[in-house]
**Student:** 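Before I ask anything, let me first share the structure, which is written out below as structure tokens.
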Amino acid sequence: MGSMEEAFRSLNTAGNSPKKEIYPHPVFARSSDYRIGMLELGLRGFLGMIFVVSGALKVWSPVQFQQDILQYQLLPYMATALLAVYLPWLEILCGIALLVRKYYRGALAILSVLMGVFLLAYLQALWRGIQLQCGCFGELFRQTPPWVVVVRNLFFLECLTVLWFLLLIRSPSKKV
Amino acid sequence: MCGIYATVMSWKNAQIKSPLRFCSDSDNYPGLTVHAWFLILCREAGILLVVALLPTLLWAVVTPSPVRWSPHTLLPGEVQLDELLKSQEQILWIDARSEEEYLQGHIPGAVLLNEERWEALFVELMKSGKWEPGKKVVVYCSSLSCQSSHLVAERLRKQSGIPNVFVLKGGWEAWKKHFGR
């Protein structure tokens, strides 16, 4: 917001009309940082809340989550039990890391891997003709059609990809 | 898609031309090599993976509904086939699989009742008179990992008020294994 105030101040002192095109302004051009920052903030908040909530819902029903993992018919029984207790807490922790922007890179990496692996597992289950429910949000939204699950998870993956991209291109101006 | 467009437009307007050129920022500071950046990423991910173990271990102990660590553990409402056959009581078998699977083979005397055609099949079941008070109702689906039997059993308990509704552990696979089919 400081850069925007400076921009308007410089406009007034220069006697420029407010309607004059001020872009690219030497200070205002840095509003790309502001836009990048707001975009990142929005995406982090959205994804962070999604993962915290979905993890919390799965924490409360570990037996159901274990049954959901068993449906995929990919892992041994003991592995499904371990994942059923561990994955929800990992999800919550990574969601909080996204929200507070601590261990941010690690959280992004873990969530990207989790989403990618889940999507692959879901698609292979559909391809094998296994009738299953996502189990992504515990007891909620269990009757979601498969195409909705795929589109939803592709959307989350896209959001994560955008966050990765924003992480890599942060310009040297002020933080937002 | 809007996010990708906004990102691309922001990138075009930003001072950096290449994503590999790191700039002064808390994430990317001058002198930070790709190798070091990757090491930091691995360190952060490792810390998160390890820290997540703490609440996991605690929750595994205190949770009111613990997971099954062995496939032989019964969930509430589940019964083993051996016990049912030993008890020799009258059972109404409910098949919760699809109609195709039912027609390919089912437990003798089983009635089809699945979620896809619940309304029609439920009415048929109630009208058929196959259930009598005191008769045990056991629902099964294809295998141990199948969820349909639990869903049908739950729905049957709520909708019909029948108290003795159970789920066959292992489903149709357990039956075939027992009778060698």
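Below, read A as the first sequence line, B as the second, and so on, with proteins coming before strands; counting in each chain starts at 1.
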**Student:** Once you measure the plane-to-plane angle for B:Trp59 and A:Trp60, does it fall in the parallel (<30°), tilted (30-60°) or perpendicular (>60°) bin?
**Tutor:**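 Taking A:Trp60 first and then B:Trp59, their aromatic rings stand perpendicular (interplane angle over 60°).
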
**Student:** Among A:Leu82, A:Ile69, A:Thr80, A:Leu108, which residue forms the greatest number of heavy-atom pairs with chain B at distances under 4.5 Å?
**Tutor:** A:Leu82

**Student:** For A:Ala97 versus B:Leu48, what's the shortest heavy-atom pair and its separation?
**Tutor:**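 Closest heavy-atom pair between A:Ala97 and B:Leu48: CB-CD2, 4.3 Å.
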
**Student:** Which pair of heavy atoms, one from A:Tyr86 and one from B:Thr56, lies closest together, and at what distance?
**Tutor:**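 Shortest heavy-atom contact: CD1-OG1, 3.4 Å.
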
**Student:** Which atoms of A:Ala107 are under 4.5 Å from chain B, going by heavy atoms: the side chain, the backbone, both sets, or neither?
**Tutor:**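 Both parts, backbone and side chain.
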
**Student:** Ignoring hydrogens and geometry, is there a side-chain-to-backbone donor-acceptor pair from A:Tyr103 to B:Arg43 under 3.5 Å?
**Tutor:**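 Not at all, since once roles are kept as given, no pair shorter than 3.5 Å links the two residues.
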
**Student:** Under a 4.5 Å heavy-atom cut-off, does chain A meet the side chain of B:Leu41, its backbone, both or neither?
**Tutor:**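 When you check distances to chain A, atoms from both the backbone and side chain of B:Leu41 fall under 4.5 Å.
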
**Student:** Over all heavy atoms of both residues, which pair between A:Ile110 and B:Ala45 is shortest? Give the atoms and the distance, please.
**Tutor:**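 Heavy-atom minimum between the residues: CD1-O, 3.6 Å.
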
**Student:** Answer with side chain, backbone, both or neither: which region of A:Gln67 has an atom nearer than 4.5 Å to a non-hydrogen atom of chain B?
**Tutor:**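 Both parts, backbone and side chain.
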
**Student:** Hey, any chance A:Val59 and A:Leu87 share a hydrophobic cluster, counting ILVMFWY side chains that come within less than 4.5 Å of each other, even indirectly?
**Tutor:** yes

**Student:** Can you tell me if B:Lys135 has over 12 outside heavy atoms packed within less than 6.0 Å of its NZ?
**Tutor:**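 For B:Lys135, atom NZ is crowded (more than 12 foreign heavy atoms under 6.0 Å).
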
**Student:** At a heavy-atom separation under 4.5 Å, does B:Leu49 approach chain A through its side chain, its backbone, both, or neither?
**Tutor:** both

**Student:** Using heavy atoms and a sub-4.5 Å threshold, report which of residues 113-126 of chain A line up against chain B, by residue number.
**Tutor:**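 When heavy atoms of chain B are the reference, residues 113-126 of chain A contributes no residue within the under-4.5 Å range.
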
**Student:** Please find the pair of heavy atoms, one from B:Ile40 and one from A:Arg105, that lie closest to each other, and give the distance.
**Tutor:**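 Nearest pair, atom of B:Ile40 first, then A:Arg105: CG2-NH2, 3.7 Å.
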
**Student:** Going hydrophobic residue to hydrophobic residue with side-chain gaps under 4.5 angstrom, can you get from B:Val62 over to B:Leu54?
**Tutor:**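 Per the 4.5 Å side-chain linkage, B:Val62 and B:Leu54 are not co-clustered.
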
**Student:** Inspect the surroundings of CE in B:Met126 and state if more than 12 heavy atoms from other residues, nucleotides or ligands are less than 6.0 Å away.
**Tutor:** yes

**Student:** For B:Leu53, which atoms come within 4.5 Å of any heavy atom of chain A: side chain, backbone, both, or neither?
**Tutor:**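 B:Leu53 touches chain A through backbone and side-chain heavy atoms alike.
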
**Student:** Linking I/L/V/M/F/W/Y whenever any side-chain heavy atoms sit under 4.5 Å apart, do A:Leu111 and A:Leu154 land together?
**Tutor:**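 Hydrophobic grouping puts A:Leu111 with A:Leu154.
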
**Student:** Please name all residues satisfying side chain to side chain donor-acceptor pair (under 3.5 Å) with B:Gln80, sequence neighbours left out, ordered by chain then number.
**Tutor:** none

**Student:** Hydrophobic cluster membership, with links at side-chain heavy-atom distances under 4.5 Å among I/L/V/M/F/W/Y: are B:Ile91 and B:Phe179 in one?
**Tutor:** yes

**Student:** With a cut-off of 6.0 Å (strictly less than), are more than 12 heavy atoms of other residues, nucleotides or ligands near CD of B:Glu116?
**Tutor:** yes

**Student:** Got more than 12 heavy atoms from elsewhere within 6.0 Å of CD, B:Glu100?
**Tutor:**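 No, CD of B:Glu100 has 12 or fewer neighbouring heavy atoms, counting only those of other groups under 6.0 Å.
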
**Student:** May I ask whether B:Leu113 and B:Leu103 are part of the same hydrophobic cluster, defined by side-chain heavy atoms of I, L, V, M, F, W, Y residues being less than 4.5 angstrom apart, directly or through others?
**Tutor:** yes

**Student:** When you look at A:Trp89 and B:Leu58, which way does the side chain to side chain contact (heavy atoms under 4.5 Å, CB included) test go after all the steps?
**Tutor:** CA-CA 11 Å; A:Trp89 286 108; B:Leu58 190 64; over 6 Å; no

